[in-house]
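Structure first, commentary second.
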Amino acid sequence: MSQAPEAVFDAPWQARAFGTCLALLERRGEGWDAFQPYLVAAIEADPGADYYESFVVALESFATAACDNSCL
Amino acid sequence: MSSSHEEGPAPIERRVQAVEDLLVERGMIDPGAVDGFVKLYEEQIGPRNGARVVARAWVDPAYRERLLADATAAIGELGYGGPEGDYMVALENTDDVHNVVVCTLCSCYPWPVLGLPPDWYKSPPYRARMVREPRVVLAEMGCEVGEDVELRVWDSSAEVRYLVIPQRPAGTEGMGEDELAALVSRDSMIGVARL
């Protein structure tokens with residue numbers, strides 16, 4: 001009936017990074033837009049980098065900012 | 001505290017784990033939440049959601065109208081959407097117009113509708129060449145677009161994400177929605193394939 005699912009992640013760490021990002025957004029009641037500026041900045045800083053490596057750089061910044069805010 | 005930035009080039013697996021551990025430790029995410037999202041995306045959310053949207057548009061003219069007028073709302077009618085698919089625009093392929101989507105910063109792929117982006121979509125050469133010589137790139141991907149067909153390349157931005165509605169294949173008049181949805185490939189909804 002439906003086609004075979006495609007492999008969506010190339011490595012487990014990509015899946016973890018992605019899932020961590022969505023979990024944090026959900027908990028904060030935020031949409032994707034809250035994370036997107038971090039991803040855009042990471043990609044712009046190193047346009048040739050692997051997509052998920054940029055994603056991790058962005059996630060690190062996003063999580064750090066989220067932690068800083070939560071401690072105030 | 002996270003010190004992953006200062007520790008130098010830790011293997012990426014460790015960096016990701018460090019972020020997750022920190023957030024769990026701080027109570028900023030639930031321990032099982034990450035697994036839940038990974039499972040959701042690996043097993044449920046994928047191009048199938050987009051395929052259902054396309055199939056509905058093919059069989060239901062009123063839905064097609066709503067989809068073209070306000071894709072975000074029309075996609076939401078089918079229960080799809082969520083934090084990463086906020087603002088969608090549907091682009092209809094016709095005999096005269098073929099739409100194809102690229103994303104300059106590849107940060108705006110409509111994940112809830114199309115699943116995760118394919119590798120080539122994320123590659124800088126694909127993005128650059130599709131803008132410069134779309135007909136050539138499409139032909140290389142096995143998608144021949146006649147010279148008489150207008151080719152529109154859409155660069156999705158931070159504000160807008162696109163879903164291409166491919167043309168319904170000939171000979172599918174008797175098919176139901178489920179059967180039709182099974183025909184719709186992810187690539188056809190990016191515009192790099194025809195059905």
Side-chain angles (χ1 to χ4, degrees), chain A residues 1-44 46-71, chain B residues 1-2 4-5 11-20 22-24 26-30 32-48 51 82-87 104-108 111 115-119 121-124 158-159 178-179 181-183 185-186:
Chain A
M1 187 178 111
S2 66
Q3 298 167 356
E6 302 177 49
V8 291
F9 298 110
D10 298 327
W13 64 265
Q14 296 178 353
R16 302 308 297 177
F18 182 72
T20 300
C21 181
L22 289 189
L24 183 55
L25 286 170
E26 183 191 48
R27 171 58 77 87
R28 292 164 60 83
E30 291 177 329
W32 180 246
D33 292 351
F35 176 67
Q36 196 167 42
Y38 292 92
L39 183 55
V40 170
I43 293 170
E44 276 179 338
D46 189 359
D50 171 81
Y51 177 78
Y52 274 105
E53 284 179 20
S54 296
F55 193 101
V56 171
V57 170
L59 178 63
E60 288 172 336
S61 307
F62 182 51
T64 302
C67 282
D68 289 349
N69 288 336
S70 76
C71 295
Chain B
M1 270 310 294
S2 168
S4 57
H5 289 294
I12 197 140
E13 292 84 356
R14 272 182 45 205
R15 288 168 56 196
V16 172
Q17 194 60 53
V19 173
E20 186 183 340
L22 172 74
L23 294 172
V24 170
R26 292 286 187 90
M28 296 179 66
I29 59 175
D30 296 320
V34 177
D35 284 332
F37 277 111
V38 169
K39 205 166 147 57
L40 184 68
Y41 270 79
E42 285 186 326
E43 295 176 8
Q44 288 179 38
I45 298 185
R48 295 300 86 209
E84 329 70 58
D86 293 3
Y87 190 69
T104 306
L105 289 171
C106 59
S107 60
C108 22
W111 289 345
L116 292 166
D119 270 349
Y121 187 86
K122 294 173 284 191
S123 77
E159 287 78 36
D178 288 346
E179 217 176 340
L183 299 176
S185 67
R186 177 200 61 202

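We name chains A, B, ... by the order of the sequence lines, and we start the count at 1 in each one.
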Between [X] and [Y], what is the shortest heavy-atom contact and its length?
X       : Y       : result
A:Ala23 : B:Ile29 : C-CG2, 3.7 Å
A:Gly19 : B:Val38 : CA-CG2, 4.1 Å
A:Trp13 : B:Val16 : O-CG1, 3.8 Å
B:Arg15 : A:Val56 : NH2-CG1, 3.9 Å

Inset, instruction - Can you sort out the partners of B:Asp30 under side chain to side chain contact (heavy atoms under 4.5 Å, CB included), two or more places apart, ordered by chain and number? - result: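 Per chain and number, B:Asp30 pairs via side chain to side chain contact (heavy atoms under 4.5 Å, CB included) with A:Arg27, B:Ala33.
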Inset, instruction - With sequence neighbours excluded, tell me which residues meet salt bridge (Lys or Arg N to Asp or Glu O under 4.0 Å) with B:Glu20. - result: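 With neighbours one apart ignored, the set is A:Arg16.
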Inset, instruction - With rounding to the nearest 0.5 Å, note down the distance linking CG in B:Leu23 to CZ in A:Phe62. - result: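 If I round to the nearest 0.5 Å, the distance is 9.0 Å.
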Inset, instruction - Can you tell which part of A:Glu26 gets under 4.5 Å to a heavy atom of chain B, answering side chain, backbone, both or neither? - result: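 Interface part for A:Glu26: side chain.
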